[in-house]
Novice: 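Dropping the structure in here first, questions after.
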Amino acid sequence: MNHWLVKSEPHKYSWQKFNEDGRTFWDGVRNYQARNNLRDMKEGDLVMFYHSNEGKEVVGVAKVVKESYQDPTTDDKNWVVVDLSPVETLKKPVTLETIKADERLKDIALVRQGRLSVMPLKAAEFDRILEIANG
DNA sequence: GCCAACGTTGGC
DNA sequence: GCCAACGTTGGC
């Protein structure tokens with residue numbers, strides 16, 4: 001199983017809204033690297049949900065419920081979406097500041113490659129974020 | 001609101 | 001195919 005991290009601006013699509021919806025297709029990715037990551041997602045993979053701009057923190061865990069397919073919001077064949085559902089809300093959100101300060105997390109793509117919106121995480125990194133969130 | 005980082009575009 | 005210009009993202 002693989003682990004991922006996706007970003008969303010809360011005023012566009014928040015963790016709260018995601019939970020109200022119960023399921024969503026992850027659209028709007030217009031970057032090839034991010035697209036390739038979406039394509040590599042498999043059903044059951046776990047995905048950290050990060051709020052960019054406002055909050056700047058990992059707020060919850062989602063899972064892939066449907067693997068990539070043509071983005072329904074465009075006819076351009078370059079772009080795909082996946083379906084995600086919420087799994088759990090983190091007890092304590094893990095802020096970017098915390099991640100940068102953590103020896104085991106300071107080199108993840110979230111820090112190194114700030115603009116990428118869909119990125120892989122190692123299992124150890126994923127677990128480390130959960131560990132921090134659970135105190 | 002500014003600006004750094006970086007991906008994309010287009011002229012040559 | 002290089003690289004300057006431009007646009008976008010996202011932290012501050």
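Per chain, numbering begins at 1; letters A, B, ... match sequence-line order.
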Novice: Run the side-chain contact (heavy atoms from CB on, under 4.5 Å) test on A:Leu130 and A:Val61 for me, step by step, so that the C-alpha distance in whole Å, both residues' side-chain angles and the decisive distance to 0.1 Å come before the verdict.
Specialist: CA-CA 9 Å; A:Leu130 273 189; A:Val61 178; 4.0 Å; yes

Novice: For C:dG10, take OP1 and OP2 only and decide whether either is under 4.0 Å from a side-chain N or O of A:Lys7.
Specialist: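 Yes, A:Lys7 has a side-chain N/O under 4.0 Å of OP1/OP2 on C:dG10.
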
Novice: For the backbone of A:Val59 and the side chain of A:His51, can you confirm whether one donor and one acceptor N or O come within less than 3.5 Å of each other?
Specialist: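 No, A:His51 side chain to A:Val59 backbone: no donor-acceptor pair under 3.5 Å.
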
Novice: Give a yes or no on this: more than 12 heavy atoms of other residues, nucleotides or ligands lie within 6.0 Å of atom CD of A:Glu54.
Specialist: yes

Novice: Tell me whether A:Glu67 contacts the main-chain N or O of A:Glu43 through its side chain, where contact means a donor paired with an acceptor under 3.5 Å.
Specialist: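 Yes.
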
Novice: Relative to the 5' end of DNA chain C, which residue comes earlier, A:Lys12 or A:Lys100, by the nucleotide with the nearest heavy atom?
Specialist: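 In this pair, the answer is A:Lys12.
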
Novice: Would you please test A:Tyr69 and A:Trp79 for ring pair (Phe, Tyr, Trp, His ring centres under 6.0 Å) and show each step?
Specialist: CA-CA 8 Å; A:Tyr69 56 97; A:Trp79 310 117; over 10 Å; no

Novice: Roughly, in whole Å, what's the span from CD in A:Glu57 to P in C:dC12?
Specialist: 13 Å

Novice: Once you round it to whole Å, what is the distance between P of C:dG10 and NZ of A:Lys56?
Specialist: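 Going from A:Lys56 (NZ) to C:dG10 (P), I get 12 Å.
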
Novice: Tell me: CG of A:Leu116 to C1' of C:dG11, nearest whole Å?
Specialist: 15 Å

Novice: Taking atom P of C:dG10 as reference, at what distance in whole Å does atom CD of A:Glu9 sit?
Specialist: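 Distance check: A:Glu9 CD to C:dG10 P gives 6 Å.
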
Novice: So, is A:Tyr50 near the phosphate of C:dT9, with a side-chain N or O under 4.0 Å from OP1 or OP2?
Specialist: no

Novice: Which whole-number value in Å describes the distance from A:His11 NE2 to C:dT9 P?
Specialist: 11 Å

Novice: What I want to find out is whether A:Glu131 reaches A:Arg128 closely enough, with some N-O distance under 4.0 Å, to be called a salt bridge.
Specialist: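 Salt bridge between A:Glu131 and A:Arg128, a charged N being under 4.0 Å from a carboxylate O: yes.
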
Novice: Check nucleotides 2-8 of chain C for protein N or O atoms closer than 3.5 Å to its own N or O atoms and list the pairs.
Specialist:
unit_1, atom_1, unit_2, atom_2, d
C:dG7, N2, A:Arg115, NH1, 3.4
C:dT8, O2, A:Arg115, NE, 3.4
C:dT8, O2, A:Arg115, NH2, 3.1

